Amino acid sequence: FPNKPLGFQQDCVAYARVATTIRVLLWLVFGWKTLLFLYLSESLWSLPPHPACAMFVTNHGSDMNEHGECIPTKSTYAGPLYSIFTLGTNYHCEHHDFPTIPFNRLHELRSIAPEYYRSGSEDNVFEIMQNTFAKPAFYACMNAGSIARSIP
């Protein structure tokens, strides 16, 4: 993470060490099937075999604000069924703005603070996913470095 502060990088290293230690202990105590379960459950939730992987992809699709600045994350409003299917994780910005609000109440923020959150539920999940895979720079402002270099 070259653009992150040193403290963040140190936290990542500490997390990796603790996570590795826990995985080794699980393997030693409960065997390899425990690790297989953990890896499959994480992979199938956040990667294409599980339809809700759209949550991860759609929440990190880039957009531009009115000043031409890259917005690396957003919420996806594709209707109440999508919200149920993704367990409310489609309210990504709302969750990060107010992390202590339970996921089943995050949708209320849209009516409480309409100046900060879009209205409607017209987002097309498949179009967002197509943009992400067709244009890699669409994902989480991956082209931010090239944009910064092009600014005089």
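Because the structure is a prediction, the values reported are computed rather than measured.
- For the atom pair CG (Asn104) and OH (Tyr91), the distance works out to 11.0 Å, reported to the nearest 0.5 Å.
- Arg17 CZ to Ile22 CD1: the interatomic distance, rounded to the nearest 0.5 Å, is 14.5 Å.
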Legend entry - From CA spacing to verdict: side chain to side chain contact (heavy atoms under 4.5 Å, CB included), Trp32, Trp27: CA-CA 5 Å; Trp32 65 271; Trp27 175 59; 4.0 Å; yes
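- Between Val29 and Thr34 the shortest side-chain heavy-atom distance does not fall below 4.5 Å.
- Annotation: side chain to side chain contact (heavy atoms under 4.5 Å, CB included) contacts of Leu81 (sequence neighbours excluded): none.
- Take Ala19 and apply the side chain to side chain contact (heavy atoms under 4.5 Å, CB included) test, not counting sequence neighbours, and it matches Tyr15, Arg23.
- Of the options His96, Glu94, His107, a side chain to side chain contact (heavy atoms under 4.5 Å, CB included) to Ser75 is made by Glu94 and by none of the others.
- The salt bridge (Lys or Arg N to Asp or Glu O under 4.0 Å) analysis of residues 98-107, with sequence neighbours excluded, yields the pairs Arg105-Glu108.
- Under the 4.5 Å side-chain heavy-atom criterion for Ile, Leu, Val, Met, Phe, Trp and Tyr, Phe30 and Val18 are members of the same hydrophobic cluster.
- Among residues two or more places apart in sequence or in another chain, the side chain to side chain contact (heavy atoms under 4.5 Å, CB included) test is passed with Leu25 by Thr21.
- Checking side-chain atoms of Asn90 against main-chain N and O of Tyr77 turns up no donor-acceptor pair under 3.5 Å.
- Side-chain atoms of Phe98 and Leu109, non-hydrogen and from C-beta on, do get closer than 4.5 Å to each other.
- When the side-chain hydrogen bond (donor to acceptor under 3.5 Å, both in side chains) test is applied to Asp97, the partners found at least two apart in sequence or on another chain are Tyr117.
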Inset, instruction - In sequence, state the C-alpha distance, the side-chain angles, and the governing distance for Leu106 and His95, and then conclude on side chain to side chain contact (heavy atoms under 4.5 Å, CB included). - result: CA-CA 7 Å; Leu106 285 172; His95 160 70; 3.9 Å; yes
Inset, instruction - Would you sort out whether Arg110 and Tyr116 count as a side chain to side chain contact (heavy atoms under 4.5 Å, CB included), showing the intermediate values? - result: CA-CA 8 Å; Arg110 293 176 71 198; Tyr116 295 103; over 6 Å; no
